[in-house]
**Q** 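What follows is a single structure, and I will ask about it in a moment.
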Amino acid sequence: MSNNKLTLAVLQLPVGNNVSENVRRAVGHIVQLKAANPQLQLAILPESFNGPYGIEHFGKHAERIPDGATCQQLSRVAQKLAIYIIGGSIIERDENNKLYNTCTVWGPNGNLIARHRKIHLFTMNIEPDQLGGVQFDEAAALTPGNEPTVVQIGPHKVGIGICHDKRFEELARIYRNLGCSMIVYPSAFCICQGPMHWELLQRARATDNQLFVVTCAPARNNMSGYVAYGHSMIVDPWARVQREAGEGLELMVEEIDFDKVDEVRRQIPIYEQRRTDVYDLARAST
């Protein structure tokens, strides 16, 4: 297999109230996918994959990293299968009892190789005439992270964001500047924003930075308090949708060809054409 290709799985999974059952389901599907696809190198899980997404739930299923039960199971299956796992997100409780929305990344040896604490917390007050609207304030329960996160997946640099992080081009630009060829955003994107912005944001980040963008959402549950949109997606550096899930449980296995990153950047060399002298001057004058 070419070093410039990566076989990944995006697991759009249902999330119920039972944390141990949610984790058991995720691990079981990863094992099944690896058995059916021996070439699989990376598995990606959804935001808040181990417990319900909601202010009232966060403290109940928070755990320490890397010693919590969810983390230990992800570590074991990564080592057993010798694959990378981008573990969606879980609620992390730190030594000062602060809570974070955190993505853990596990290497093929089972070691924790990165953690990304969601930088931009989801605070929205969308009115009901916009597909039902939503009111949500992660900041009421969670603390924001302060650092971008880049992981090495084989020879490839991958930036990590969580859901609302994808709305901020500045973070994606940092990842491009740091040499990333893919950004992964586990995302429980709300249903009222989905039709308007889900695909748009991913294609925008892909075309702005000429890289792959991958999102992994929970499966939609219209009976839950917070309804996620679903539609996990892979967008290539041309900003074309390579693969899209539907609303329910779906397991997507795709090959990522990183030659496309070089192809796009060579043919449309916007990185070299950026006028940072002009941008810096304008920034200094404001």
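Computed from heavy atoms alone, side chains included, the values below leave out hydrogens, waters and symmetry copies.
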**Q** Within the 3.5 Å criterion, strictly below it, is a donor on Asn50 or Asn22 matched to an acceptor on the partner's side chain?
**A** no
**Q** Any carboxylate oxygen within less than 4.0 angstrom of a Lys/Arg side-chain nitrogen, looking at Glu170 and Arg173?
**A** no
**Q** In terms of side-chain geometry, is the basic nitrogen of Asp67 or Arg64 positioned less than 4.0 Å from the acidic oxygen of its partner?
**A** no
**Q** With a 3.5 Å cut-off and no angle check, do the side chains of Gln193 and Arg167 form a donor-acceptor pair?
**A** yes
**Q** Between Thr70 and Glu63, do the side chains contain a donor N or O and an acceptor N or O under 3.5 Å apart?
**A** yes
**Q** We want to know whether Glu263 and Trp238 form a side-chain donor-acceptor pair, criterion being a heavy-atom distance below 3.5 angstrom.
**A** yes
**Q** Any chance the side chains of Lys166 and Ser187 put a donor and an acceptor closer than 3.5 Å?
**A** yes
**Q** Within the side chain of Asp165, is there an N or O that forms a donor-acceptor pair under 3.5 Å with the backbone of Ile162?
**A** yes
**Q** Among Glu92, Glu147, Glu47, exactly one meets salt bridge (Lys or Arg N to Asp or Glu O under 4.0 Å) together with Lys118. Which residue is that?
**A** Glu47
**Q** One thing to verify: whether Arg205 and Asp208 come together as a salt bridge, which I'm taking to mean a side-chain N less than 4.0 angstrom from a carboxylate O.
**A** yes
**Q** Would the Phe189 and Phe122 ring centres measure less than 6.0 Å apart?
**A** no
**Q** Report yes or no: is the cationic atom of Arg176 (NZ for Lys, CZ for Arg) closer than 6.0 Å to the six-membered ring centre of Tyr271, at no more than 45° off its axis?
**A** yes
